[in-house]
Protein chains: 2
Amino acid sequence: MEIPPVVIDRLPLYTRALSTLEEEGRDVVSSQELGTLLGVTPAQIRKDLSYFGRFGKQGRGYNVRKLLDELHHILGLDRQWRMAVIGVGKLGLAILGYEGFGPQGFRIVEAFDADPKRIGQRIENLTIRAANDLEKTLLKNPVDVGIVAVPAGIAQNVIDTLVKCGVRAILSYAPIPARVPPGVYLKRIEPVLALQSMAYYLKNSPRSTAAAARS
Amino acid sequence: MEIPPVVIDRLPLYTRALSTLEEEGRDVVSSQELGTLLGVTPAQIRKDLSYFGRFGKQGRGYNVRKLLDELHHILGLDRQWRMAVIGVGKLGLAILGYEGFGPQGFRIVEAFDADPKRIGQRIENLTIRAANDLEKTLLKNPVDVGIVAVPAGIAQNVIDTLVKCGVRAILSYAPIPARVPPGVYLKRIEPVLALQSMAYYLKNSPRSTAAAARS
DNA sequence: AAGGGTTTGTGCTCACAATTACAAACCTTC
DNA sequence: GAAGGTTTGTAATTGTGAGCACAAACCCTT
């Protein structure tokens with residue numbers, strides 16, 4: 001069965017909300033409650049989940065623990081994913097220092113930079129390698145995900161290299177419309193584009209009567 | 001006329017491609033060429049633009065300079081937008097140091113943090129203010145956009161404060177499903193969610209025969 | 001054990017966005 | 001200035017996702 005990408009994009013949201021509920025000690029949750037928690041309609045949640053099976057009980061709702069496990073399994077979050085960061089500037093540093101990846105099973109195991117002053121430095125239990133060694137290193141020690149935090153000018157080049165090394169998922173912070181071959185998955189983080197589209201609404205809404213932008 | 005949000009989200013893409021073309025000295029571009037450049041169908045581009053007017057010439061294409069000016073005007077990029085950064089940790093530092101905002105008319109004019117060691121520090125021509133003074137400062141010197149780079153636990157609180165101060169556009173880096181009242185526009189930057197949805201495809205695609213994820 | 005109150009899973013409908021397709025308009029060349 | 005080759009703008013069609021609504025299933029109380 002072919003599942004719509006929008007659905008896949010929502011599953012992590014559900015996962016996160018369920019984690020919070022579990023930490024609060026909740027046993028059961030309804031699509032209704034989950035919906036208000038996330039700003040999504042209950043029907044949407046139920047339909048999304050129904051693509052994968054029947055996880056709830058009528059009249060009761062979903063077992064938090066069980067649904068969370070199911071979603072982890074569906075998304076492939078029940079294992080560790082190895083990631084490499086390319087580019088250790090200010091942004092790369094922030095990425096290396098971010099504590100949000102590890103707990104979700106995403107571990108940064110390599111970091112690369114072209115600056116001779118950076119190469120060899122030890123940051124967050126990692127030794128920065130030379131960008132020149134990117135290909136050689138990744139071919140020997142493959143990673144699942146590449147995080148691109150280099151300037152726009154060389155980003156496509158870096159991405160091509162990653163693809164050549166068999167990396168099939170790329171998270172790019174570079175402000176370019178990068179292209180990847182079929183079978184490689186690319187997500188872009190684009191704060192400037194986000195700001196620019198919000199500017200439209202700022203400019204065109206009469207200061208109070210507008211509907212909120214979808215985030 | 002009511003324009004679909006998806007269309008608004010694509011306009012900044014067009015803007016960026018046109019900027020590149022202009023720097024290269026190109027005078028005219030067809031929807032065809034722009035499309036291949038961005039990975040979008042030509043018809044999509046033409047239709048998106050037709051919501052706002054008729055900017056092209058049959059048999060010729062679009063004048064790069066003119067279309068760029070039009071889009072700048074439509075999106076409200078022909079002015080300066082004032083932004084405040086809340087949270088000056090590693091991420092906040094990267095944001096303050098990013099050179100991609102200024103050239104697009106987005107200027108960071110205030111920065112706040114709760115850490116006494118950070119308060120008063122001078123970074124990138126800006127003096128970090130105390131988080132306690134957030135409300136007072138913004139009420140005196142309003143900003144158009146708030147950039148939230150604080151830990152998840154206090155993010156909703158910060159967002160509520162921003163809204164109270166009349167901030168109508170918020171770019172949030174906090175991993176929470178933040179809610180804002182109607183008339184306030186919120187975009188979230190969520191690298192972890194992006195990774196989690198890619199994990200699904202990594203897990204479920206047979207290593208070469210899958211279609212690329214939409215980015 | 002029966003009844004009232006919930007909540008799920010899903011067929012159906014509706015809305016809207018993407019694509020197709022083509023007439024009209026434009027440029028260039030002969 | 002006519003003809004051939006492009007490319008736009010848009011009407012019409014197709015495709016797809018979101019919302020609605022309800023039967024079936026479950027819990028709890030009496």
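The model shown is predicted, which means the values in this text are computed figures rather than measured ones.
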* Return no unless some side-chain N or O of A/Y51 is found under 4.0 Å from OP1 or OP2 of D/dG17. => no
* Tell me which nucleotide among D/dA18, C/dG9, D/dT7 gets nearest to the side chain of A/S50. => C/dG9
* Nucleotide C/dG9, atom P - distance to CZ of A/F52 in whole Å -> 14 Å
* Is any NZ, NE, NH1 or NH2 atom of the basic residue among A/E70 and A/R65 found under 4.0 Å from an Asp or Glu carboxylate oxygen of the other? -> no
* Taking only side-chain nitrogens and oxygens of A/R54, does any of them come within less than 4.0 Å of OP1 or OP2 of D/dA25? -> no
* Hey, which of these two, A/A43 or B/Q44, hits DNA chain C nearer its 5' end, going by closest nucleotide? -> A/A43
* Asked: Can a salt bridge be assigned to the pair A/D144 and A/R82 using a cut-off of 4.0 Å between side-chain N and carboxylate O?
  -> no
* B/Y14 OH - D/dT8 P separation (whole Å) -> 13 Å
* Asked: Which residue, A/R10 or B/R46, contacts DNA chain D at a nucleotide closer to its 5' end, judged by nearest heavy atom?
  -> B/R46
* side-chain N/O B/Y62 vs D/dG9 OP1/OP2, d < 4.0 Å -> yes
* To the nearest angstrom, how far is A/E70 atom CD from C/dG9 atom P? -> 11 Å
* Asked: Side-chain N or O of B/S31 less than 4.0 angstrom from OP1 or OP2 on D/dT8?
  -> yes
* Asked: When the distance from CD1 of B/I45 to P of C/dA17 is rounded to whole Å, what number comes out?
  -> 18 Å
* Could you give the CG-to-P distance, from A/D48 to C/dT8, as a whole number of Å? -> 14 Å
* **Length of the CZ-P vector between A/R60 and C/dT6, whole Å** => 15 Å
* Asked: Of the options B/L71, B/L67, B/I74, B/T20, which is the one that meets B/T15 in a side-chain contact (heavy atoms from CB on, under 4.5 Å)?
  -> B/L71
* Asked: Can A/E190 and B/R16 be counted as an ion pair, charged N to O under 4.0 angstrom?
  -> yes
* Separation of atom CD in B/E33 from atom P in D/dT8, rounded to whole Å -> 11 Å
* Between C/dA18 atom P and B/L49 atom CG, what is the distance in whole Å? -> 13 Å
* To do: Return the 5'-most residue of the pair B/K47, B/Q32 with respect to DNA chain D, ranking by each residue's nearest nucleotide.
  => B/Q32
* Asked: Parallel under 30°, tilted from 30 to 60°, perpendicular over 60°: which one fits the rings of A/F52 and B/Y200?
  -> perpendicular
